[in-house]
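Data block below; observations after.
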Amino acid sequence: MIAFLASVYSSAQSTSTELPLISGGAGLTLFSGDVGHSNHSGGSFRSAYRFGVEQRFGNYFGAEIFANYGTLSKNERSVTLNRNFESPILFVGANGVFYFNNDMIMPRNSIFAPFITAGFGFMTFDPHGDLKDVNGNKYFYWSDGSIHDVDQNSPIAQFSPILQRDYKYETKLTDSTNNYARHTFGIPIGIGARFNFGNHLGVDVRANYFLTFTDYIDNVKEGGNDSWWWMGCSVYYKLGKVDKEKNEGIDIKAMLNEDYDGDGVVDGSDECQGTPKGVKVDHKGCPLDDDNDGVPDYLDKEPNTKHGAIVDGNGVTIDYDKIAEQARKDSLNEAQRDSFAAHPSQQTLSQGNNEVHTDKTGADCIPEEFRAADVNKDCVITADEINTVIDNFFDGIGDWTADRINRLIDYFFDQ
């Protein structure tokens, strides 16, 4: 049991900040076994009590140690079978608990809080039967359904009075062929709901099913282990002064003066949370923007933008004439590229050569893979130079490939 609780504790999300609760309640048991399996004469419910101590770990899981103490009973009457038993029981076990009020399925502070349980435990039992009346006369069940103190085939049967069961289970039941143990292990599985009436007090209702590892609770072994139900209600009390302890741990003043991004403006007044360290801010906690272009100074690549100018994400004024010119060139290059793809010829290349720019300078003015094509080193690839490269390719001169020549042609149109 200790190992079970340790495993539940280790699987919890975090160390609980909650206090444990104790509970006690009462309910009814219902036996399921061999006696009364095919027919029963009622009177199967018996009272039982439950006591427990429960600790919650985090939002989802908890563990409890509990005990059920009470009685199990079953009666059956038929022409061929007239059996009964009653047994005191004590079940002591440990459960893992899963809570549905975990802030994912339901709010943690819900007044109505369902849960499920499963665990392991140890049980004792001692079946007794009501086999005699109050005067010690043994019951004989006759075929007409009556009870007498002699067998119906006895010579004095006609003089036998009718008896009534007294429902006093006075005779200890045993098995003549097996001196079975009167204890066993069991697996309890349960479902319930808790109704919270405040921080400390509440009520829970639950139903628990106990599957045991024995078939002798009713002193009859006919196949299949015995089981039983407990259904009841418990009152619980959570220990400690929960609210006071929680409030004592909160520094209200520190919360009001908290400055998460360290910009000198407290979080309650900071309209720009997460300002980078060292960035100057205004009284609202937002980075300074001296030219009022909408881009803060620490990101602005054009600090003195003219008032009213439209800027890009870097704070640089947008020149719409240049954008239009570039768009025209891009459109023309795209059209020339498509034309060459449809009609690859010297004439198409020559048409594209009319838009070549000649304002590039420096050793890196042309990508390295195309520099060999720039024969006159003027930083411009011309149609004639492309023709030379193509001739060299077919003559096996140089290391040009078809893919590289295609990229060179694309570069020609993009100049």
Side-chain angles (χ1 to χ4, degrees), residues 25-51 67-91 123-154 156-184 186 207-212 214-233:
L28 297 175
T29 63
L30 179 63
F31 176 77
S32 177
D34 300 311
V35 173
H37 179 71
S38 58
N39 63 82
H40 62 88
S41 60
S44 300
F45 289 100
R46 292 291 186 271
S47 62
Y49 305 93
R50 188 182 194 278
F51 304 93
N68 279 80
Y69 174 75
T71 306
L72 296 176
S73 182
K74 210 60 175 284
N75 293 269
E76 65 180 1
R77 287 289 302 273
S78 70
V79 176
T80 57
L81 287 175
N82 291 279
R83 301 182 298 192
N84 63 74
F85 89 97
E86 185 176 89
S87 173
I89 58 165
L90 173 63
F91 192 103
M123 175 181 173
T124 61
F125 60 95
D126 189 18
H128 283 65
D130 178 18
L131 308 183
K132 300 177 182 179
D133 67 6
V134 67
N135 297 315
N137 298 310
K138 182 179 178 181
Y139 297 134
F140 288 90
Y141 294 88
W142 288 17
S143 58
D144 61 0
S146 60
I147 304 175
H148 296 260
D149 59 356
V150 298
D151 187 273
Q152 66 181 9
N153 297 319
S154 171
I156 59 173
Q158 60 180 324
F159 304 108
S160 172
I162 295 177
L163 302 180
Q164 299 294 329
R165 281 188 58 191
D166 59 3
Y167 291 93
K168 303 294 183 182
Y169 297 85
E170 76 292 323
T171 305
K172 184 173 183 176
L173 300 177
T174 59
D175 188 331
S176 60
T177 62
N178 183 13
N179 185 24
Y180 58 83
R182 296 184 178 240
H183 56 264
T184 184
N208 288 103
Y209 176 72
F210 295 82
L211 176 62
T212 71
T214 182
D215 191 25
Y216 277 109
I217 293 178
D218 55 5
N219 192 59
V220 178
K221 182 178 176 60
E222 292 181 352
N225 291 341
D226 295 335
S227 59
W228 54 283
W229 286 86
W230 181 86
M231 295 152 285
C233 178

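Hydrogens, waters and symmetry mates play no part in the numbers below; they use all other heavy atoms, side chains included.
- Under the 4.5 Å side-chain criterion, counting only non-hydrogen atoms from C-beta, Leu28 is not in contact with Arg46.
- Screening residues 214-229 for salt bridge (charged side-chain N to carboxylate O under 4.0 Å, His left out) gives Arg83-Glu222 as the qualifying pairs, with residues at least two apart or on separate chains.
- Applying the side-chain hydrogen bond (donor to acceptor under 3.5 Å, both in side chains) test to Asn225 and every residue at least two apart in sequence or in another chain returns nothing.
- Partners of Asp151 by side chain to side chain contact (heavy atoms under 4.5 Å, CB included), not counting sequence neighbours, listed by chain and number: Phe140, Asn153.
- Of the residues listed (Val220, Asn75, Asn219, Leu173), the one engaging Phe85 in a side-chain contact (heavy atoms from CB on, under 4.5 Å) is Leu173, and it is the only one.
- Looking at residues two or more places apart in sequence or on another chain, you find a side chain to side chain contact (heavy atoms under 4.5 Å, CB included) between Asn82 and Arg77, Tyr141.
- Listed for the Asp166 side chain is a donor-acceptor partner under 3.5 Å among the backbone atoms of Val134.
- In the displayed structure, Asn179 atom CG is contacted under 6.0 Å by at most 12 heavy atoms of other residues, nucleotides or ligands.
- With hydrogens and angles disregarded, no donor-acceptor distance shorter than 3.5 Å links the side chain of Thr71 to the backbone of Pro88.
- Not a single donor-acceptor pair under 3.5 Å links the side chain of His183 to the backbone N or O of Ala181.
- Side-chain N/O atoms of Tyr216 and Asn178 include a donor and acceptor closer than 3.5 Å.
- Put simply, the side chain of Ser227 never gets that close to the backbone of Phe210: no donor and acceptor are under 3.5 Å apart.
- With hydrogens and angles ignored, the 3.5 Å screen pairs a side-chain donor or acceptor of Glu170 with a backbone N or O of Lys132.
- Taking His148 as the reference, Trp142 meet the ring pair (Phe, Tyr, Trp, His ring centres under 6.0 Å) condition, with sequence neighbours excluded.
- Side-chain contact between Arg50 and Asn208 is present, with at least one heavy-atom pair separated by less than 4.5 Å.
- In this structure, the side chain to side chain contact (heavy atoms under 4.5 Å, CB included) partners of Ala207, at least two apart in sequence or on a different chain, are Trp229, Met231.
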